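Here the structure is a predicted model, which is why all the values come from computation and not from measurement.
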Amino acid sequence: MKGKNKGNGSKKNPYSAYDTYTTDIFGARYYGQAKVKLIDYKDGKEALSYLKKNGLKKSPGKSKEYVYLKFRIDYFEGQEEILADLVVNPYTCFYTSNSNNQIKWENIKCNDGIKDIVEADMSPGDSLIYKVIFLVNSKEKPVTYKITGYNDDWNPTETWFTTKKK
């Protein structure tokens with residue numbers, strides 16, 4: 001990961017998600033590089049108000065909250081079309097604020113005109129704005145997430161980020 005160094009990208013000292021980071025893209029093989037940046041984060045009453053204005057009908061329930069994240073990915077180097085969730089995967093990479101408990105992803109829809117990450121295809125040279133929405137316990141925010149990759153010996157790596165504003 002390259003970018004501004006606030007933290008070291010570990011579970012205990014994650015990078016700030018609000019800075020732009022460059023990452024290698026991996027799936028079944030190496031696909032190229034992308035820049036990733038969190039451009040909006042809402043939780044609690046702010047997230048609920050926003051989501052209800054954009055078609056959400058379901059209330060979160062007692063001691064639950066919605067978390068809304070909006071990212072920008074710039075897929076600047078590669079050879080083929082990919083799914084955006086190869087860069088940030090909602091099924092495996094989102095965790096509670098202490099980075100210990102994985103958040104279960106549900107496909108929560110809102111009609112704000114921004115693609116859900118699992119529906120987003122990208123070709124080299126594309127920039128994309130996409131969203132991820134979670135229903136979490138109130139104490140589980142702000143959320144953290146990890147981007148997985150591999151080192152030169154093809155051993156798995158994890159780079160961690162926090163949505164907490166520093």
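- In this structure, Leu51 is not a member of the same hydrophobic cluster as Ile103, with clusters built from ILVMFWY side-chain heavy atoms closer than 4.5 Å.
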Please walk me through it: do Glu65 and Leu48 pass side-chain contact (heavy atoms from CB on, under 4.5 Å)? CA-CA 8 Å; Glu65 292 184 27; Leu48 183 60; over 6 Å; no
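- Checking side-chain atoms of Ser123 against main-chain N and O of Asp126 turns up no donor-acceptor pair under 3.5 Å.
- Between the side chain of Lys115 and the backbone N or O of Ala120, no donor-acceptor pair lies under 3.5 Å.
- Remark: the Asp112 side chain and the Tyr50 side chain contain an N/O donor-acceptor pair separated by less than 3.5 Å.
- Rounding to the nearest 0.5 Å gives a distance of 4.5 Å between CG of Asp121 and CD of Glu81.
- With a 4.5 Å cut-off on side-chain heavy atoms, Cys93 and Val88 count as touching.
- Hydrophobic clustering (ILVMFWY, side-chain heavy atoms < 4.5 Å, transitive): Ile82 and Val118 are in one cluster.
- For the residue pair Thr144 / Lys164, no side-chain donor-acceptor distance below 3.5 Å is found, with atom types taken as modelled.
- Atom NZ of Lys12 sits about 10.5 Å away from atom OG of Ser99, to the nearest 0.5 Å.
- In this structure, the side chain of Tyr150 does not engage the main chain of Asp152 through any donor-acceptor pair within 3.5 Å.
- Within a 6.0 Å radius of CD in Gln79, no more than 12 heavy atoms belonging to other residues, nucleotides or ligands are found.
- In this structure, CG in Asn54 is found 9.0 Å from CD1 in Ile133, a value given to the nearest 0.5 Å.
- Between the side chains of Asp85 and Tyr91, not a single donor N or O lies within less than 3.5 Å of an accepting N or O.
- In this structure, Glu80 and Pro124 approach most closely via the heavy-atom pair O-CD, 3.5 Å.
- Connection of Leu86 to Met122 is established within a shared hydrophobic cluster, with ILVMFWY side chains joined at heavy-atom distances below 4.5 Å, either directly or through further cluster members.
- Contact annotation: the side chain of Tyr41 approaches that of Val143 to within less than 4.5 Å [non-hydrogen atoms, C-beta and beyond].
- Nearest heavy atoms, Thr163 versus Pro142: OG1-CB, 3.1 Å.
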Take Phe134 and Lys141 through the side-chain contact (heavy atoms from CB on, under 4.5 Å) test and state the conclusion after the steps. CA-CA 11 Å; Phe134 292 100; Lys141 56 180 188 40; over 6 Å; no
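- Under the 6.0 Å distance and 45° angle rule, Lys165 counts as a cation-pi partner of Tyr18.
- In plain terms, the two heavy atoms of Val36 and Thr23 that are nearest each other are CG2-CG2, 4.0 Å.
- Within a 6.0 Å radius of CZ in Phe76, other residues, nucleotides and ligands contribute more than 12 heavy atoms.
- A 4.5 Å side-chain heavy-atom check between Ile147 and Glu158 finds every atom pair outside the cut-off.
- Heavy atoms only, all atoms of each residue included: Thr92 and Lys146 are closest at O-CE, 3.7 Å.
- You'll find the side chain of Tyr68 reaches within 4.5 Å of the side chain of Asp40, heavy atoms only.
- For the atom pair CD1 (Ile39) and CD1 (Ile129), the distance works out to 3.5 Å, reported to the nearest 0.5 Å.
- Two residues are said to be in side-chain contact when any heavy atoms from C-beta on lie closer than 4.5 Å; Leu56 and Ile108 meet this criterion.
- Under the 4.5 Å side-chain heavy-atom criterion for ILVMFWY residues, a single connected hydrophobic cluster contains both Leu69 and Tyr21.
- Between atom CZ of residue Arg29 and atom CH2 of residue Trp154 there is a gap of 10.0 Å, rounded to the nearest 0.5 Å.
- The line from CD of Glu140 to CG of Asn98 is 8.5 Å long, rounded to the nearest 0.5 Å.
- For the pair Val67/Phe94, no side-chain contact is recorded, criterion being any heavy-atom separation below 4.5 Å from C-beta on.
- Screening Phe161, Trp160, Trp105 for a ring-ring contact (aromatic ring centres under 6.0 Å, His included) involving Tyr95 leaves a single residue, Trp160.
- Looking at Leu128 and Tyr75, their side chains never come closer than 4.5 Å, going by heavy atoms from C-beta outward.
- The minimum heavy-atom distance between Asn111 and Gly55, with the atom names listed, is ND2-CA, 4.1 Å.
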I would like to know whether Lys52 and Ser59 meet side-chain contact (heavy atoms from CB on, under 4.5 Å); could you show each step before the answer? CA-CA 9 Å; Lys52 285 199 172 206; Ser59 290; 3.3 Å; yes
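- The ring of Tyr145 has its center closer than 6.0 angstrom to the ring center of Phe71.
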Run Asp19 and Lys37 through side-chain contact (heavy atoms from CB on, under 4.5 Å) and show every step you take. CA-CA 6 Å; Asp19 294 327; Lys37 182 177 184 174; over 6 Å; no
